Amino acid sequence: MINEKTAPALNIKDLCVAYQQEGEWWEAVHEVSLQIQPGEIYGLVGESGSGKTTLALAVLRYLGKNGMIRQGKIELSGVDLVQLQPAEMRKLWGHQMALIPQNPQSSLNPAMRVGDQIAEVYRHTQDMETGEARHKAVEMLREVNIPDPGRVTLSYPHQLSGGMQQRVLIAMALSSNPSLLILDEPTTNLDVTTQATILDLLRSLIEQRQTAALYITHNLAVVAQMCRRAGVLYAGRLVEEAFINELFARPLHPYTQGLLESMPRLGDHKDSVRLRAIEGRAPVFGDIPSGCVFRPRCPIANEICETNPPLSVLPEGRKVRCHRWEVSLNEAGRSHLPDGRSDRNTTEKHQLQPLLSLEGVSVHYPLKRSLREVVRREPKRAVRAVEGMDLKILSGQTLGLVGESGSGKSTLARATLGVVDKTAGTIELLGIQLPDKLSRRTLDTLRKVQSVFQNPEEALNPYLTVGEILQRPMMTLLGWSRQEAIGRVPDLLRAVRLPAMYAERLPTQLSGGEKQRVAIARASAAKPNLLICDEPVSALDVSVQASILNLLEDLQAEHGNSLLFISHDMAVVGFLADTIAVIYLGELVEIAETGDLFKSPYHPYTEALLSAIPGTKVESRRVAAPLVGEIPSPIEKPGGCPFHSRCPRLVGEICKRQPPPWQSQQGSSKRYLCHIPWEELQAQQGDIQGFEISRG
Amino acid sequence: MLGYSLRRLGFLLLTVLLTSVIIFSVTQWLPGDVCRIILGREAGEKALDACRQDLGLEAPLPVQYLRWLADFSGGDWGQSFSTRTDIFPLVMQRLLNSLRLAVLTLLISVPLAVGLGVLAGLNEGKLVDNLISIGSLSVVGLPEFVTGILLIQLFSFELRRWGLPSLPANSSIRPEAGFVESLPSLILPAITATLVLLAYIARLTRSGVLEEMKQSYVRTADLKGLPRHIVVVRHILPNALLPTITVIAISFGWLISGLVVIENVFNYPGLGRLLVFAIDRRDLPLMQAVALVTVVGFALANLVADLVYALLNPRIRYTEGN
Amino acid sequence: MATHTGAAPSRGRRFVSQLRRLYAVPTAAFGTTVFVLFLALALLGPWIAPYGANQQDYQGARMAPSSLHWFGTDHLGRDVFSRVLLGAGEILWLSGGGTLLAVLCGTAIGLLSGYLGGWLDELIMRLFDSLLALPALLLALLMLGILGASAWSVLIVMVVVYTPIVARVVRSVVLSVKTRGFVEAARLQGESLGWILFREILPSVLPTLAVETAVRFSYGIFLVASLGFLGVGVQPPSPNWGLMVKEARQTISQTPWALYYPAGAISILVIGVNLMADGLKRIFQTRHD
Amino acid sequence: GRVGATQPAPAAPTQGQSVSAEPRSERNGILRVAMQPIVQADPAFISSDSEVLVANHVYDYLVDIDPASKVIPRLAVDWQIENDGLTYVFTLAEGVQFHDGSPLTAQDVVWTFNRLRDPELELPTADLYSNIADIQATGELEVTFILNQPNPFFLYDLSDNHALVLKANTQDAATKFNGTGPFKVTSYSPEDRIILEANKDYYIQDLPKLEGVEILFFNDENAAVDALRSGQVDLVMRMSTALFTSLQDEPGIYTLDIPTNGFDLVRLRSDREPGDDPRVIQAFKLATDREAILQLVQQGYGAVGRDSPIGPMYTQYYSEETPIPERDVQAARQLLSEAGYPQGLDIVLHTPDTGGRPDLAVVLKEQWAEAGINVEVSVEPESVYYGEERWLEVDLGITGWGSRPYPQFYLDVMLKCEAVWNESHFCDPEFDELTTTAGTSLDEAQQAEAYQKIQQILIERGPVIIPYFFAQFAAISDKFQGFELKPFAGRTDFRLVNLQE
Ligand SMILES: Nc1ncnc2c1ncn2[C@@H]1O[C@H](COP(=O)(O)OP(=O)(O)OP(=O)(O)O)[C@@H](O)[C@H]1O
Ligand SMILES: Nc1ncnc2c1ncn2[C@@H]1O[C@H](COP(=O)(O)OP(=O)(O)OP(=O)(O)O)[C@@H](O)[C@H]1O
Ligand SMILES: [Mg+2]
Ligand SMILES: [Mg+2]
């Protein structure tokens, strides 16, 4: 199918791209060479800031004013793009190359109908009549599986969901029938379920058209699923390149190994696996180390690494840029813990006290009624973000909460914290009912429940030093004097594995992972009984994510606090949680101890979530259809089973009319909300497992 | 969209009502005996008393306010204390003059300013941009009275001295003069006002263009292979000019009655000059009428801006109200 | 880009580094220099002015600029150079003082109103909307009618006219900052209102506030000069530049210099402050991209 | 070019551009005049010169005053004084019509003056006419006034600014302009302009010679002068000296000026601190340099004042016998110190915003500062300053007094104990007695002597400083002829003005 002998569609040679910053030029991409054959999807992975987008934009010759191609060649079908004039590039853009960007929302003109935005391509680059162009636009939309494309052409971007917007962009990119397609994290901002369908679509479209594609992502699993070959980019250098299977089975570069090992896989659990984080952080402008750029973080570096490593070309199309790749091959492997490493699991669950219990908690955000609604006396409407939630967190335990975006995870956390008012239900902490309003909670209650937020960039006041930030909770919640609090700061920093001198730093001088560590230190400073973590790692790179997950685990082992851990990433939740609750549209649909959750039967929604994870395989008797459509609006929730509108295992009318019962069985901690009984569902479903992609 | 418009209208009414309270109270605080001012320095006590009775100044303030509001909204704007003539026709005539000046100013300044702003934005950092930026920033620094005086020196006196056709230094116009007749009188004040607005609008347009050029959808449009001018006209401008619309509307409000200095320099019979006259003479009803007309005009301009903005911005048009 | 080693720079150093960035933009550098120069003139004015602000010489009235009187003399025989020089202090302290007061009030109100939200916020904002529906100059005129013309009245007018504007700007920043994680964290830590407002939120408002202050300041100079020109602000014989222009307009054909110098001074100062504000805007906005 | 030079009064009947002798039947030209806005339209309440100017052309006086302050006929073509100056009999002109077409009768005159003197109505003129015992229509066109006491200035009183003849029983003089005057009001747009057209039925044949007059209102003298310069108005009569001098080299414009009896008065309230101490009053006077003020504020136009309203134009009364003390700052300081102000005196000087008055205030501030009088100047709009009676209240203030044809007026309304506008709150029995003598005696010598003594008293202890008598200015486009400048601009007569062919 793909012939290595034919001329590559894209041939990049020794490309160096530099940016000007504060008057100085520095290279964000350094001596990168790669080829992509027609019909091939080439994956480019790397952490944030490694230069992936820069490379893509360089290929498109769309670097900003402060960017420039220092040296190298970019040959597209034999033509060196580096030599072309801007006007000539503009012609190529319309015909030979196209970009599918990361943020579909901002990549569409908000003030123009979607159909016009597509038709425009035909009108201006292919000289079509307006009517014909419109017609072609509808056709294109149909091709990317948009239901009712005629209506969608008349919509404005903001009226479409993220997945639909991304389809529109795909349609737009393909409308000029390019020979090179560049995909820059096209699914990163989408839900797993949407991501799965988009990935399928992309794969089949590229295959059909025999387009060469450069697929950029930081998600190794996606690469594994999509690409034939992949390159790993680190600090602008291509450190390794191989066919996918090889890369995952036998990573050669210590960095690639680190990446793979820092990523929890479906089914990994903290009790049995210790994640290996890559120490330190990626170099940025101003302090790129000499010699091997990975040297400061490399576990096997020695003196030789102070010189530039050569690119070793190995058989089977492998390339690696490392002095010691042969050594690294032997030292790999994650630490598997001896069984029963932690004794907290030996304690029987029923002996544990419930720390926090939610009963029938609902949170509705009232909607403002429009004038017309008031006049017509229509009932007040509300976003029913959380509805009738019953949950318990036992002391010393971790409860994981998963669900698609908009399912009410954050709302639940915020209601517990007291920053939003619940509409109904009770929240009890150690048997004492908590008041709704934060201002009415006692300092002691505040002390007992602390939280870590999703976005580390926003978590810390940029104008206070780390030391100042860490002192405060001790002063306010524990009533310590400033002196006492200052004295404890180094301990706190040490606990989150940061050097004591960081107390002097301002948040802008920290990396994202370091910020999140400080946020964790702050939250645990006053020794809370419950730490609520709302997606604490989703903004972080995998290598950093691992260290945060390890940290949370260590802290818990040390303090014995409970954890409410929210994530949309099943693997991450599965790694950390003792119990997992799956919520959909504000309602609990399934809850089980972690070990039990990954065994069938699954609630169809859980099943869909699991099977949508890239790099999973489903050993199913009947392959579950991917989820259709988007999560419905929590304003007008479907009656009956909340999931019936998207359920791939719909039974019939009963699902639409009758709220489903809880299903459970002796011997399993699992409960799920469905009309399909246990045995029947188990018969339909197989077990779902992560790809065995790296345990070689 | 309808719901949106109605809600905006509601806000407008609320603002106007609140402002009317402010105006009423502020004018009540003005020192000086209204009747003494009406009757002049030569009137006696008895006449003064009669006058106070006449004007209902004896009633408690809230009553006076409600009475005033009722009369005012009923179209009965009463008589000016100082000139003893009906306020309504007087204010309307001045409003018309102000509108003329405002419209002419906008006709000159908006295309010019938007053009310059777009030009500067598209050529960021280049010579044109720097010239426009520095030029507009310098114009910003010229107070209206300085510009006005200089323009008069130049276009009225100097030209006249050289025997060339010149523009009038004094812009007072006959009450019944038509637009064409009053045009020569309007030019200098309009230029002066234009100079104030020009820089403001141009800079705003420029930053709007720059802001939009950074957006990803522009990259999308470029990478579609569209010709540059199509990208500019169809993609960048419609979005970049949105904030400009609001500012133009606010400027319109300012033009209607904020031109006190310009009207003073050129002696143009607009609302601003009338208000200064009213304040000088403690002519409360006139003052209140002018201030309120101003506020209504200003609020209306804002309303129109909001609606136009919403109309051009599908994000508002299609999310509110349905 | 921040350096990753070493301790945090002191706040003073940060100020210096920001000033340096201001000087990196040529126009901003020019503007800042003009402002600093005028400030210096204002401070030194009383010592370097060759004559008093109201010192009259009836033999030497209406004299063209010469080595004796650099900017000439006005119709009352006063030295225009000295008056312009002394006027710098007058206009800077009035517009600067008024701006600062308005910024203080506006910041306090904006912080509270934005952070607390609710009906109080709604009420204050409606009230401010209404105040802002009156053109600033009209409001100023109405108020000066009440207060009577004097420097203090001008100060009060500036506070009343600018406080709503500053408050709204501050409020909008507060609204975006208060949903940030660190503010929520502070609330969860049981921090007091004062701490949250002034230590957590205020610093994030400061960059915007600095820009707004500079912009208000340039408008303030305008307002003070315009009121002077309309004769309703500060009283003669104050060397207010606007008032000087008004007075000199009567004698423009006899003593044009008495008009052009103060007019030029206003223009240069306002342009300078504008360029400075523009520079501040660039610095702070690129930082928050 | 400069045409009307300063001329001593009484002057020739025509000044400046002289009236063309040939009466022509054709009217031509519209004269556009810049004036400050009028507020009062009812003649009984008018006071500003623009109000008087309008009234003077819409209505007629019974008798008029010429530029030389001589009484001349207007509606009354002739009069007899009988009965030792107690009875005045006036004969009215024939064929006089109001603008509404009704004829003028003696009844109208009787009604007009009865209204003005009616104590019930409390009109400003009531006091002025309190001496009238009775007014009778003694014929269709004959009116007889009977006085209680002789009054040598009665004819002047009858030509008081307010004494315009209205139609009997007029109710709405404030808004309707029904006069007999040479011009009719065709449109009045408050604060903007008033447009007059020639009254074709005017009782004097061939008058007025203009087709019409447009009075454009200007709040700002500069704007008015600019308008003159750029040809939008033809005549400006109210401007500061600075503006006036600036017009002198302007082509196409005649500048005219005449000396007047008008003056700016600086007065200190004498009924309370600090003005109640004569030493303080003297200190103020000694600290003032009148010559410098005249040079700076009036640029030399007009005449130095001698602290009494009896100016050099009243040749038969004016006296320089009592010398004005030389300026002596040291002495002034000394006096202040003696009066209890060794550290100097802080005081606010109030002034209306018109003419050269703010300049005067500023100059005084500087001069007095040397003597330790620290003045804070407060400039207020004329309308507010006078409107609020602040001018009667404040300790230290400046007032402009327009020119009057006879000096008695000032003494009666401003300086006598009970005077309505006794702004300085001056009360001096000797002064009052002298004033009464001067105002009732028909003996010219006795009168002159009284006035001379009055001048002496005012110089010695009057709480007033009159730094100068100002000149009246006018600047008119050279397209017009027949314009004659009067000391009080409001009484300017446009009847003889017309466009030059
Ligand atoms: N226009 C620019 N000017 C200066 N530096 C830039 C510019 N764009 C990117 N950079 C820097 O270049 C480096 C590489 O950025 P790039 O966006 O290519 O990374 P990336 O791998 O795409 O990261 P991410 O996963 O976050 O998208 C980063 O350090 C970034 O800060
Ligand atoms: N302040 C609010 N006002 C109104 N609706 C809200 C508000 N906050 C959240 N919602 C709505 O409530 C629903 C649940 O939101 P929530 O943030 O709890 O979801 P989530 O599961 O945390 O999603 P994500 O994964 O995107 O963080 C969503 O439909 C959201 O739009
Ligand atoms: Mg990227
Ligand atoms: Mg969330």
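Lettering of chains follows the sequences in order, A, B, ..., and the numbering in each one begins at 1. If you're wondering where the values come from, they're calculated on a predicted model, not measured in any experiment.
- Side chains of C:R78 and D:V362 form a contact here, defined as non-hydrogen atoms less than 4.5 Å apart.
- To the nearest 0.5 angstrom, C:R62 atom CZ is 11.0 Å from D:S246 atom OG.
- In this structure, C:R249 and D:D226 have side chains that are in contact, with non-hydrogen atoms separated by less than 4.5 Å.
- Using a 4.5 Å cut-off between heavy atoms, D:D359 touches chain C through backbone and side chain atoms alike.
- Heavy-atom distances place no part of D:V225 under 4.5 Å from chain C, backbone and side chain included.
- Taking CD1 from C:I252 and CZ from D:R229, the interatomic distance works out to 8.0 Å, rounded to the nearest 0.5 Å.
- Contacts of C:Q55 with chain D are made by both backbone and side-chain atoms, with heavy-atom separations under 4.5 Å.
- Crowding of C:W93 atom CH2: a count of heavy atoms from other residues, nucleotides or ligands under 6.0 Å exceeding 12.
- The side chain to side chain contact (heavy atoms under 4.5 Å, CB included) check on C:I268 picks up C:V34, C:F38, with sequence neighbours excluded.
- Of all non-hydrogen atoms in D:L296 and C:G77, the two that sit nearest each other are CD2-N, 4.3 Å.
- Contact between D:V377 and C:P236 at its shortest, heavy atoms only, is CB-O, 3.1 Å.
- Within the structure, ring-ring contact (aromatic ring centres under 6.0 Å, His included) pairs that include any residue of residues 250-278 of chain C comprise C:F71-C:Y261 (at least two apart or interchain).
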